[in-house]
Amino acid sequence: MKRIFLGFVLCIAMFGLVACSSSNSSNNGEDQKDPSVAAEQSKGKITIGGKDFTEQLLLSKISSIYLKENGFDVEEASNMGSTVVRTALENGQVDLYWEYTGTALVIYQKQEVETDPDKTYQTVKEIDEGNGLVWLDKAEVNNTYALLMRKDLADELGINTISDLANYVNHDANALKFASNAEFYAREDGLKGLEKKYGFKFPAKNVTRMDTGLLYNALNDKQVDVSVGFATDGRIKGFNLVALEDDQYFFPAYNAAPVIRKEVVNDELSKLLNELSAKLNTETMMTLNYQVDVEHKEIAEVARQWLTENGLVK
């Protein structure tokens with residue numbers, strides 16, 4: 001009789017344990033989709049790659065959020081070096097990432113520098129078609145070199161274009177100090193080529209070489225008057241700088257565009273990613289970079305806010 005009673009108690013205890021376990025599993029899974037349901041609802045798995053600087057992290061996150069919101073199962077693989085992410089795309093380790101036309105043209109495809117954005121884009125698109133890669137629409141985001149000045153000084157001197165700067169230096173060679181990183185200073189398609197194209201020359205004593213990260217601060221702190229920089233850098237906005245117009249088209253085109261493996265691309269993916277390209281431009285990218293680099297906002301927050309403001313997600 002005692003055995004029967006103990007058996008009965010044990011059964012009740014086991015039933016209670018199973019019930020509790022079922023209840024806990026149910027609660028823990030409230031935010032998780034049933035794998036079979038998720039697979040049925042997903043439009044496919046996409047791995048998005050990205051390079052290791054702010055602008056690339058933003059472009060990757062914007063794409064990731066947007067594709068997820070439109071039913072794709074997205075995995076992110078950011079923070080890679082330029083050649084690493086390109087190799088990962090070619091090997092199928094990632095399915096897409098945002099690349100710059102000038103980088104692809106010169107670094108990967110070993111072509112001559114081209115300053116015309118449309119010619120650059122068409123060339124890289126045609127060459128990469130043979131590599132099984134599809135270039136979707138390029139954005140009006142051109143992260144190329146730029147000559148920067150403080151806005152108040154540029155306004156005071158009436159300098160809006162690089163031609164204006166050249167005329168000013170030719171009139172008074174010692175008036176302005178210029179800052180450059182070592183690479184731009186040494187390259188034929190850097191400072192030397194620029195001076196040749198525009199017909200002027202900074203005196204050697206007026207040129208200061210420094211690390212890229214110091215250029216913007218040197219300009220902001222009035223240590224120099226003109227500096228090389230990058231057109232979409234958030235510090236241009238943060239320090240109230242201006243990028244002089246490259247009116248003789250010296251700098252190469254570096255337009256951003258989604259590049260995707262031919263095996264993966266389809267009409268819906270193309271449509272969605274082209275919608276992103278259509279809404280991005282240099283000024284917008286500079287603002288997004290500024291929010292991360294200067295205002296120290298989270299990348300995911302900035303990405304979702306931009307998508308929401310542009311009516312792409314709710």
Side-chain angles (χ1 to χ4, degrees), residues 29-80 85-86 88-101 104 121 124-125 128-129 132-141 143 232 255-285 287-289 291-292 297-314:
E30 282 179 354
D31 296 327
Q32 300 175 3
K33 294 180 180 178
D34 184 311
S36 61
V37 174
E40 189 176 315
Q41 291 177 344
S42 174
K43 296 178 180 178
K45 182 179 179 181
I46 299 292
T47 302
I48 300 177
K51 303 184 188 184
D52 55 357
F53 55 92
T54 300
E55 181 166 305
Q56 279 279 309
L57 296 172
L58 280 163
L59 289 170
S60 297
K61 183 61 70 175
I62 286 169
S63 303
S64 175
I65 293 172
Y66 193 44
L67 294 184
K68 282 179 183 176
E69 292 281 338
N70 281 277
F72 289 89
D73 179 14
V74 178
E75 184 175 321
E76 295 178 56
S78 297
N79 275 308
M80 288 188 269
V85 70
R86 168 75 182 201
L89 183 69
E90 292 173 342
N91 293 342
Q93 293 167 299
V94 302
D95 298 310
L96 73 92
Y97 79 102
W98 289 75
E99 185 53 275
Y100 301 97
T101 53
Y121 172 71
V124 297
K125 184 175 182 178
D128 265 345
E129 188 174 355
L133 306 178
V134 178
W135 283 73
L136 300 179
D137 292 352
K138 67 178 173 67
E140 293 303 315
V141 174
N143 191 13
T232 60
N255 288 87
V259 187
I260 187 167
R261 293 193 302 120
K262 191 180 292 186
E263 298 172 4
V264 174
V265 71
N266 58 45
D267 289 344
E268 184 169 10
L269 270 173
S270 297
K271 175 179 174 291
L272 292 170
L273 291 167
N274 285 338
E275 286 173 354
L276 297 180
S277 292
K279 289 184 178 292
L280 288 165
N281 57 45
T282 298
E283 184 65 32
T284 297
M285 204 70 243
T287 299
L288 297 178
N289 287 331
Q291 290 175 359
V292 175
K297 293 183 179 179
E298 293 293 327
I299 284 174
E301 175 192 353
V302 172
R304 181 168 285 280
Q305 182 180 351
W306 180 81
L307 285 164
T308 304
E309 288 173 352
N310 283 273
L312 296 170
V313 301
K314 295 181 179 179

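The model shown is predicted, which means the values in this text are computed figures rather than measured ones. Values below: all heavy atoms of this structure, side chains included; hydrogens, waters and symmetry mates excluded.
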Specify the closest pair of heavy atoms between Y66 and L272, including all atoms of both residues, with the distance to one decimal.
-> CE2-O, 3.4 Å
Supply the atom-to-atom distance M285 CE to T54 OG1, rounded to the nearest 0.5 angstrom.
-> 9.0 Å
Could you list the residues that satisfy side-chain contact (heavy atoms from CB on, under 4.5 Å) with K271, not counting sequence neighbours?
-> E275
Give a yes or no on this: more than 12 heavy atoms of other residues, nucleotides or ligands lie within 6.0 Å of atom CG of D267.
-> no
For L269 against V264, the heavy-atom pair lying closest together | CD1-O, 3.7 Å
Is the number of heavy atoms from other residues, nucleotides or ligands within 6.0 Å of NZ (K45) greater than 12?
-> no
Straight-line distance of T101 OG1 to K138 NZ, nearest 0.5 Å = 7.5 Å
Considering only heavy atoms from C-beta outward, does the side chain of L276 approach that of L59 to under 4.5 Å?
-> no
Salt bridge or not for K61 and E76, using N-O below 4.0 Å?
-> yes
Donor-acceptor contact present, side-chain S60 to main-chain G49, <3.5 Å | yes
K43 and N266: CA distance, side-chain angles, deciding distance, side chain to side chain contact (heavy atoms under 4.5 Å, CB included) verdict = CA-CA 11 Å; K43 296 178 180 178; N266 58 45; over 6 Å; no
How about S277 and N274: does a side-chain donor come under 3.5 Å of a side-chain acceptor?
-> no
Taking every non-hydrogen atom, the tightest pair across A257 and L136 | CB-O, 3.9 Å
Does atom CD of E268 have more than 12 heavy-atom neighbours, drawn from other residues, nucleotides or ligands, at distances under 6.0 Å?
-> yes
Check the pair R304 / V313 against side chain to side chain contact (heavy atoms under 4.5 Å, CB included), numbers first and verdict last.
-> CA-CA 8 Å; R304 181 168 285 280; V313 301; 4.1 Å; yes
W98 to S63 - nearest heavy-atom pair and separation | NE1-OG, 2.8 Å
Taking atom CG of L288 and atom CG of L58, what is their separation to the nearest 0.5 Å?
-> 6.0 Å
Intermediate values then yes/no, side-chain hydrogen bond (donor to acceptor under 3.5 Å, both in side chains), E301 and Q305 | CA-CA 6 Å; E301 175 192 353; Q305 182 180 351; over 6 Å; no
Taking everything shown except E263 itself, do over 12 heavy atoms lie less than 6.0 Å from its CD?
-> no
Under 30°, 30 to 60°, or over 60°: which ring-plane class applies to W135 and Y121, parallel, tilted or perpendicular?
-> perpendicular
To the nearest 0.5 Å, what is the distance between CD1 (I62) and CD1 (I299)?
-> 10.0 Å
Any chance you could measure I48, atom CD1, to S64, atom OG, to the nearest 0.5 Å?
-> 5.0 Å
Between L280 and A139, what is the shortest heavy-atom contact and its length?
-> O-CB, 3.9 Å
I would like to know whether L89 and I260 meet side chain to side chain contact (heavy atoms under 4.5 Å, CB included); could you show each step before the answer?
-> CA-CA 8 Å; L89 183 69; I260 187 167; 6.0 Å; no
Closest heavy-atom pair and its distance - L312, W306 = CD1-CZ3, 4.0 Å
Test item: N91 side-chain N/O and Q93 main-chain N/O as donor-acceptor pair under 3.5 Å | no
From the options T282, T232, N289, select the one residue that forms a side-chain hydrogen bond (donor to acceptor under 3.5 Å, both in side chains) with N143.
-> T232
Pair T287-T284, side chain to side chain contact (heavy atoms under 4.5 Å, CB included): steps then yes or no | CA-CA 5 Å; T287 299; T284 297; 5.8 Å; no
Please list all pairs passing the salt bridge (charged side-chain N to carboxylate O under 4.0 Å, His left out) test where one or both residues lie in residues 88-101, with sequence neighbours left out.
-> K51-E99, R86-E90, D95-R261
